[in-house]
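Working notes, structure below.
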Protein chains: 2
Amino acid sequence: MMNTSPPRSPRRTASRPSPTLEDLALAAGVSRSTASRAINGGDRVSPEAQAAVERAVGDLGYIPNRAARSLVTRRTSSIALVIPEPDVRVMMDPFFAVVITGITEALRDTDVQLVLLMSRADDDASRTLRYLRGGHVDGAIVVSHHEADSWARSLAQTGLPTIFIGRPWDTASDVTYVDSDNVGGGRLAARHLVGLGRRRLATVAGPADMTAAVDRLRGWTEGLAEAGLPASPVVHGDFTTEGGAAAARRLIAEHPDIDGVFAASDLMALGVIEALQAAGRTVPGDIAVIGYDNHAVAATAPTPLTTITQPMVGMAVRAGRMLLEEIEAPGSHPEPVIYPTELVERASTAVAPTASAANA
Amino acid sequence: MMNTSPPRSPRRTASRPSPTLEDLALAAGVSRSTASRAINGGDRVSPEAQAAVERAVGDLGYIPNRAARSLVTRRTSSIALVIPEPDVRVMMDPFFAVVITGITEALRDTDVQLVLLMSRADDDASRTLRYLRGGHVDGAIVVSHHEADSWARSLAQTGLPTIFIGRPWDTASDVTYVDSDNVGGGRLAARHLVGLGRRRLATVAGPADMTAAVDRLRGWTEGLAEAGLPASPVVHGDFTTEGGAAAARRLIAEHPDIDGVFAASDLMALGVIEALQAAGRTVPGDIAVIGYDNHAVAATAPTPLTTITQPMVGMAVRAGRMLLEEIEAPGSHPEPVIYPTELVERASTAVAPTASAANA
DNA sequence: TTGTATGCGTTATCAC
DNA sequence: GTGATAACGCATACAA
């Protein structure tokens with residue numbers, strides 16, 4: 001019995017196969033190699049051939065097959081943005097959107113694509129690492145966080161060009177990173193409150209395992225020392241509003257006479273203000289509060305927040321550019337870049353006491 | 001003169017080349033083909049061979065070369081998230097983070113990667129399209145917006161599996177999308193205000209070129225009609241707080257006696273409340289205000305917002321799953337999915353008048 | 001300047 | 001069940 005079944009149809013029945021370099025060369029009347037050269041920079045190709053190929057590209061709507069190209073060049077034309085443990089809290093942070101926007105900006109008019117790598121904690125952590133070292137991307141930008149140390153080390157061993165946004169814990173293995181001057185930011189906060197005449201200060205610091213939090217706290221302490229003040233009480237929060245509120249409650253329980261608080265994040269500052277007001281204190285009348293991040297809510301909060309701002313978009317753009325450079329010229333190991341921070345004054349530390357005289 | 005320069009060193013000096021399937025087969029004592037089969041599902045391969053290969057994989061740390069695989073399978077194992085015109089406003093919207101989180105969730109324990117495609121307006125718009133049709137991804141999820149119509153049509157022609165999040169303008173070419181019941185949401189808002197006894201209503205609608213805005217407005221109007229009320233005054237905003245405030249100012253200028261406002265987004269609702277209070281009205285005392293989205297700020301605003309909520313994460317997860325299915329079984333053209341919306345009651349429409357009696 | 005030939009690492013076909 | 005062998009689409013060393 002004859003086999004009368006039709007030949008197995010190709011997977012993609014709908015659209016006709018996209019033209020290959022072969023087709024292009026044929027249409028342009030040149031060889032594959034010439035066509036290839038014309039496409040990539042057009043070096044060592046006659047003007048006529050170049051023109052012919054370019055016209056053919058337009059006619060056929062030719063698009064190079066990335067896989068084939070990648071197979072031979074060993075370049076993928078894509079980089080990864082690694083976000084370790086993206087719990088909802090992390091994701092909702094506008095920080096994220098900014099980072100993505102910045103990197104995208106750095107990548108524009110480049111044909112480099114951004115692939116998102118969210119490594120979940122419950123996941124086999126090494127899965128992300130495997131992908132990274134699998135040669136699927138030409139480089140990676142890692143949003144630093146508490147566990148970043150292991151990442152830094154592992155990635156350094158890989159040899160994959162990597163830039164961290166936010167200084168990772170382990171900077172031993174000459175990792176490259178972009179960060180803002182958190183120490184300077186903390187110092188700014190201290191100076192501002194001291195300059196306002198506040199003397200009974202306290203701080204709600206961030207998690208002790210995050211470099212940004214540690215740095216801000218160090219700057220704050222240095223700033224106080226600079227002014228001849230003793231170290232202030234320190235309570236740790238988790239960068240959230242609730243955490244800030246809880247921290248503030250502990251603070252006023254143990255130190256009822258404070259007149260100034262530095263919260264290491266705007267969200268925490270909001271919580272601090274809430275808790276203080278719930279405890280009958282006025283802000284900034286009784287207690288001046290300063291936040292950090294210049295989060296969107298800082299300006300629109302019931303009590304607009306004085307805060308420390310950092311050029312986040314610029315940092316992300318820079319990280320993107322640095323990565324591209326490092327990919328282009330491996331081994332150049334660029335120096336870490338630290339962006340300056342600035343104070344933004346708003347109502348939460350307004351000099352004019354709201355109703356402080358009555359309460360003091 | 002002799003050329004004494006050393007041979008050009010390979011591009012990647014640092015790391016040794018990753019093991020290939022050939023190496024793997026050698027180590028496992030089988031042929032390439034068997035090794036390949038063992039890796040992909042292990043069909044038609046003896047238990048011994050399978051075990052040998054698996055052990056070799058562990059020993060060598062073998063990772064399949066995606067490019068090579070993609071070249072022959074014509075599958076890229078990656079999908080694109082297309083975000084048209086990602087201006088800062090769009091990016092900062094938590095909507096984004098949620099979409100990414102949801103899609104990522106749908107992709108977990110799949111080896112499919114998510115690549116971000118932000119097509120800027122000033123960019124050659126077709127660039128993104130070229131990438132999409134270039135076979136670089138197996139499918140795409142498009143976050144719908146005002147210009148989505150062209151996208152829908154173009155992508156439909158491409159034959160690339162595509163899911164829209166938010167109904168695109170042009171649904172003619174049987175595009176598949178996931179949306180929430182915006183009409184129902186608008187109706188909920190109307191019913192709620194009417195149920196509260198408010199009769200002199202008005203709405204701050206969203207941009208007239210966005211389907212979500214149009215639908216919400218339609219639902220609102222239908223809801224009023226249902227209650228035997230005439231169509232309300234309509235002012236359009238741009239979904240931002242400032243836009244909402246501006247709209248509210250026009251509203252009270254032209255209709256000073258309103259006692260209820262439906263804003264098509266929480267951000268606009270915030271602006272509306274601001275403007276109303278600046279004009280000496282109380283909320284909800286004089287005027288009840290209801291928002292839309294259940295944005296994070298809705299709960300924490302000075303006047304917590306009554307709002308309409310939609311299961312955004314679920315929608316994104318669904319979109320991801322649908323895309324995977326469509327990729328797996330092309331041509332199945334799944335039906336659009338509409339998620340229900342719900343009312344969340346908060347202070348901005350509290351029944352008990354705050355100080356309304358005095359003002360009325 | 002151009003074309004020829006080779007190889008990149010995999011999967012798929014088909015005899016065995 | 002297994003193993004040769006032929007694509008896949010492209011870039012490049014080399015010969016012309």
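Letters go in sequence order (proteins before strands), and every chain restarts at 1. Just so it is clear, the model here is predicted, and its values are computed rather than measured.
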Worksheet, complete the sentence: Heavy-atom contacts, protein to nucleotides 5-10 of chain C, under 4.0 Å, summarised as B (base), S (sugar-phosphate only) or - (none) per nt, yield BBBBBB
Worksheet item: Is any side-chain N of the basic residue among Glu326(B) and Arg321(B) closer than 4.0 Å to the acidic one's carboxylate O?
Response: no
Item to complete: Could you state the atom-to-atom distance from CZ of Arg44(A) to P of dA11(D) in whole Å?
Response: 14 Å
Discussion item. Between C1' on dT1(C) and CD on Glu48(A), what's the gap in Å once rounded to a whole number?
Written reply: 10 Å
Fill in: Thr73(A) side chain vs Arg75(A) backbone, donor-acceptor pair below 3.5 Å
yes
Worksheet item: Going by modelled atom types, is there a donor-acceptor pair between the base of dG3(D) and the side chain of Arg37(B) at under 3.5 Å?
Response: yes
Practice prompt. Determine yes or no for a side-chain-to-main-chain donor-acceptor pair under 3.5 angstrom, with Gln50(A) supplying the side chain and Val45(A) the backbone.
Written response: no
Worksheet item: Quick one: Asp23(A) CG to dC8(D) P, roughly how many Å, whole number?
Response: 11 Å
Worksheet item: Roughly how far apart are Ile100(B) CD1 and Ile100(A) CD1, rounded to 0.5 Å?
Response: 4.0 Å
Worksheet entry | Any side-chain donor near an acceptor of the partner, Ser31(A) and Thr34(A), under 3.5 Å | yes
Discussion item. Whether Ser46(A) contacts dT2(C) is assessed here as follows: a side-chain N or O lying under 4.0 Å from the phosphate OP1 or OP2. Is that the case?
Written reply: yes
Discussion item. Would you say Asn40(A) and Arg69(A) are linked by a side-chain donor-acceptor pair, where the criterion is simply a distance under 3.5 Å?
Written reply: yes
Response to the item:
In whole angstroms, the gap separating P of dG9(D) from CG of Leu60(A) amounts to 14 Å
Fill in: Rounded interatomic separation in angstrom, taking CZ from Arg75(B) and C1' from dT11(C)
13 Å
